[in-house]
Amino acid sequence: MIDLSVEIAGIRMKNPVMSASGCFGYGREYVSFLDLEDLGALVVKGTTLEPRKGNTPPRICETAAGILNSVGLQNPGIDSVIRQEIPYLKNKNVPLIINIAANLEEEYIELARTLDPLEEVHGLEVNISCPNVKKGGMAFGTDVESACRLVKTLRSVTTKPLIVKLSPNVTDIVEIALAVEEAGADALSLINTLLGMAIDVNRRKPVLGNIMGGLSGPAVKPIALRMVWQVSEKVKVPVIGMGGIMTAEDALEFIMAGATAVAVGTANFVDPRAICEIIEGMENFLQDNNISNINQIKGAAREDCEL
Amino acid sequence: MIDLSVEIAGIRMKNPVMSASGCFGYGREYVSFLDLEDLGALVVKGTTLEPRKGNTPPRICETAAGILNSVGLQNPGIDSVIRQEIPYLKNKNVPLIINIAANLEEEYIELARTLDPLEEVHGLEVNISCPNVKKGGMAFGTDVESACRLVKTLRSVTTKPLIVKLSPNVTDIVEIALAVEEAGADALSLINTLLGMAIDVNRRKPVLGNIMGGLSGPAVKPIALRMVWQVSEKVKVPVIGMGGIMTAEDALEFIMAGATAVAVGTANFVDPRAICEIIEGMENFLQDNNISNINQIKGAAREDCEL
Amino acid sequence: MSFSIKAEITAHVKKAAGLYRLDLYAPEISSEVQPGQFVHLRVRDGGYDPLLRRPFSIYDTNKSRGEISIIYRVVGRGTSILALRPPHDKLDLMGPLGRPFTFWEEDEKVILVAGGVGMAPLYLLVKALLKKGVHVKVLLGARTEGELVGTEDLQELKLKPCVATEDGSAGFKGLVTELLKEKLGENSFHRLYTCGPRPMLKEVARVAADFQLKGEVSLEEIMACGVGACLGCAFPIKTGEKGAQETVYKKVCAQGPAFSLEEVIYD
Amino acid sequence: MSFSIKAEITAHVKKAAGLYRLDLYAPEISSEVQPGQFVHLRVRDGGYDPLLRRPFSIYDTNKSRGEISIIYRVVGRGTSILALRPPHDKLDLMGPLGRPFTFWEEDEKVILVAGGVGMAPLYLLVKALLKKGVHVKVLLGARTEGELVGTEDLQELKLKPCVATEDGSAGFKGLVTELLKEKLGENSFHRLYTCGPRPMLKEVARVAADFQLKGEVSLEEIMACGVGACLGCAFPIKTGEKGAQETVYKKVCAQGPAFSLEEVIYD
Ligand SMILES: Cc1cc2nc3c(=O)[nH]c(=O)nc-3n(C[C@H](O)[C@H](O)[C@H](O)COP(=O)(O)OP(=O)(O)OC[C@H]3O[C@@H](n4cnc5c(N)ncnc54)[C@H](O)[C@@H]3O)c2cc1C
Ligand SMILES: Cc1cc2nc3c(=O)[nH]c(=O)nc-3n(C[C@H](O)[C@H](O)[C@H](O)COP(=O)(O)OP(=O)(O)OC[C@H]3O[C@@H](n4cnc5c(N)ncnc54)[C@H](O)[C@@H]3O)c2cc1C
Ligand SMILES: Cc1cc2nc3c(=O)[nH]c(=O)nc-3n(C[C@H](O)[C@H](O)[C@H](O)COP(=O)(O)O)c2cc1C
Ligand SMILES: Cc1cc2nc3c(=O)[nH]c(=O)nc-3n(C[C@H](O)[C@H](O)[C@H](O)COP(=O)(O)O)c2cc1C
Ligand code: FES
Ligand code: FES
């Protein structure tokens, strides 16, 4: 009855709820708790060309309604992911999106080239916004020109849908969004984490081994929602909203702000079944409100609003 | 025994805890609950040249560990403040800091000129970061050049200590901080609120009358603390840290990150005695840790930390 | 004078589905409060969930026992948590806050219109008016019988409220504002006081104006500080002379909750 | 297989100041758990304060009653809230999680070193080892008598733990690692298992290495997901051959909590 399906850059999803990169491992970690096929799409941990060791622990610090993480893109590298993880996910009936990260433009390109021939990969999410590594992409995400150049080049080496993940640590996210769209992005993901920190007053030291980390969780939702609202007003490509989504209501806020789909990150840590609960809750909301198709409420909160 | 006193741009404060602008009215609202003379300094509501009506309600929306506000600088205008509010505060033995806001450079200048002769005003906090009015200063706070020009001009029309309040809605707060310092600021306040929003999914409308609002409270503390850490490493002028300070521990985090003083905003709404509790808690912490002077722990978390 | 105290819960009873009465030991507040004032309380001690206090009208007092009572409806997260607090727990309380209702010495006969839990700020007013020898007529409205507030308490004061329910489960079937029109047609009053949902208030104000009846309304708006410091609880109010009228925003917490019926802009 | 369930609290008792034992009805977990595994639980249902779950070792099981027990110390906000949960409340529980301790069939005599609440993951191990007929020596250390965990439960298994307290309030006055040195001097063991505060573990590892004793350690690190998805709980581990050793970060939640004593980098 209720149609929750959406399409992002040619990727057909049975519902608009995806896993957020880095918060759902490579999927397998959650199979005890849910059926991967229930997800709208599965976005895996940020993957680099070479293996990455990651940052010095502690890497997690709980804050008021949020967490700081400084994982620092620890991952086994693309070759290992292709060998060890993708085959497992290949047989699951769920769109698979690989999140790629790098320090250098050449590495991004090499990653895209490597993944391009793989049929089982439905799209690439280009992380130009990781705040947790010295050269981890955020330099790309906070500078219009390098973001543009990167996306243009990537566009030329792969036919896979390119989803560009934006950083919220910027003065004007709309400017970057427009530039990246112009450069050839098929969709935009926002937001990545906000750069933050915490200090342990008893030890008189930063809590995180890496001093700063990325803030996620319900604390950041108002900021994320505002950015999705601002960006989706201006761009034509679909926007994937994320940042603090814990409940179906939260997800609906993003859809009503103009997002086509949403991703769920930190919530998985609180409830391993969060994604499924959110999907179910959205379906119930639509049912209760006699809405047959999720696309009907996309951007609904914008109507009669002027800024 | 314990010396909590600090000095900001020549303003001598008996302790480092001030009220944050807009969260403590003009002081009188809180005299039922605490003694104004216990504050390190009193910073009043953002005041403009002409009276301001403020934004359409609702203006407050509670979020996870935070609030969004879209007050929009409602205030009776500087003349009325000088007539109605300052005389009352004059006799209180507490440094008085007037927070000024405007759309246009000329208005800021006029405000500074008007306040310059008033002995009872100990300093001006220049709000170049209000996210809640279309031209409410944030344009100044997110653009290095206009911020600089404004501060230079203000410097030339008043001898009062100039505290410049920065916006966190920027890519690089250090850049703006350095520029504003160079332009003649005596101290920096950070952070103002982060631009955010919320949607009421049942009404399918933004919750706030003004659509977007400023996020404050514990949710933003990690971001505020990070910015204070980054800025106080680079500037020579004192930094006043604020953003989500609810407890003495929170305040100490900011001091250990490098702030000379702190301001308490949203916490006043939760506990009208918050500022006093925080001062007391800081004193106890120092006592318990055998620290005789608050300045001894200023920036303590930076030692042996490299970025 | 307002206070910030920890008040012990002396009783906490469910009056109907989703409706609770909470008695608190707060002698300072009990002895100071005037009808129409409110308390601002933390539903949970410590923690940031929810972050803000919640405002509730002071429904009744028992000065000899140093108690105040509030009546509240569970509508969201804060009130749900409040409903779980057991007797002897202590609540963080600020009060009494806000501008109370005004009394006019010349008033002999007044009419009160309450919508649901809108009775909360009016009960203490009824008691004060009766004490002054004023004749008080109370109209109570609600969607359904279970949502009526104060019927028994009014009966204890020997008042017989006129009741309207939308579903007809008690009293007149229809809106309380229809009942109001009827009563104002039958009798004349010196003053009207009201509190309830916004659409009801709007209609009450319209009807009262039709009958050239003046009065006061108790408003609600989301609050942060509760003491006039944050300007968060603004409500649009007309000022100035007829013809040259302007809209200003007034603070419900400090310049209200009681406002004159005519000055409020209801939508 | 792991489960995400709502588990009823069947008992919740204070064992000593700040030390609690919590019994939960969780038959799925009870029947699956192996020594050294843990549960990840929400101290409060709903709300975001605190946001994350908290990990606790499974201290004991009662399979016939479908129960598991944990023993925890109140150290911060989460455990303070947990301590208030009454019997019959239901807790959000994930488990069993993590890599359990390893058994070696050839072991005949093993020594366990627990620091304070570090006994938590070891008690189930003791029971399993005894069942296999292994001779088990347990050393318990704490700052003071009240912080010792498991003494009575071990006595019920007819074991007499050797106790060391820093203040001498029970057993040997000094560090449990001094006691360990003494015991290893007197007797030889096939294996050592340990859990406790980091400085203790470091010293235990050093002492064990001196005696060329191999073994396993249960580590703790702040966790987010608890299932290996977030890479938040990384701990530095040595890999590779001697000489060409490298440090990698392993996940305490999924690749541990049990690690081999020698591979861990303790500071
Ligand atoms: C001066 C004043 C006196 C009040 N007296 C009473 C009373 O005596 N009894 C009573 O039951 N209620 C009273 N209210 C309303 C009461 O404050 C709210 O119902 C309560 O704060 C809701 O908290 P919540 O966390 O359960 O709801 P939320 O989860 O915060 O919100 C649920 C719904 O309630 C609305 N709401 C939230 N806060 C307020 C508010 N401050 N005013 C109006 N609507 C709000 C929201 O918009 C939302 O629709 C009064 C409000 C004011 C301003
Ligand atoms: C696999 C595992 C098993 C554990 N088993 C037990 C057990 O059986 N009994 C027991 O009492 N404790 C156990 N712990 C530690 C327990 O998880 C923490 O004490 C608890 O999470 C603290 O929560 P809090 O909110 O009270 O403390 P917080 O307020 O979050 O922090 C207080 C202090 O505890 C430290 N802390 C917080 N979380 C952890 C953590 N996950 N690991 C280590 N230190 C932490 C913080 O650094 C801080 O110093 C275990 C930890 C892990 C990782
Ligand atoms: C532990 C952790 C690891 C993350 N790793 C990545 C990553 O590798 N690549 C990426 O693009 N985003 C990463 N993110 C960001 C999330 O995908 C998401 O954008 C952000 O957390 C906001 O959503 P949330 O509030 O729902 O978590 C990570 C977030 C967390 C909390
Ligand atoms: C209701 C409200 C009104 C505010 N008004 C002003 C203002 O007029 N001028 C200003 O510089 N900052 C204003 N602020 C920002 C605060 O001074 C402070 O910078 C911010 O709230 C972060 O601190 P907090 O988290 O402790 O509240 C306001 C904040 C709030 C919540
Ligand atoms: S609630 Fe702050 S001014 Fe009314
Ligand atoms: S806690 Fe997430 S990987 Fe271990």
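Numbered from 1 within each chain, the chains take letters A, B, ... in sequence-line order.
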Any Lys/Arg nitrogen of [X] or [Y] sitting under 4.0 Å from an Asp/Glu carboxylate oxygen of the other?
| X | Y | value |
| --- | --- | --- |
| C/E246 | B/K53 | no |
| C/R42 | B/D271 | no |
| B/E85 | B/R28 | yes |
| C/R54 | B/E62 | yes |
| C/K6 | C/D45 | yes |

Region of [X] that comes under 4.5 Å of a non-hydrogen atom in chain C:
| X | answer |
| --- | --- |
| B/Y30 | side chain |
| B/T266 | side chain |
| B/K45 | side chain |
| B/F24 | backbone |

Is there a donor in the side chain of C/E216 and an acceptor in the side chain of C/T102, or the other way round, less than 3.5 Å apart? yes
Top of C/M94, C/M223, C/E221 for chain B proximity - count of heavy-atom pairs under 4.5 angstrom: C/M94
Do you know which of [options] has the most heavy-atom pairs with chain C at a distance under 4.5 angstrom?
| options | value |
| --- | --- |
| B/I67, B/I60, B/N75 | B/I60 |
| B/C23, B/P272, B/G54 | B/P272 |
| B/T63, B/N268, B/T56 | B/T56 |

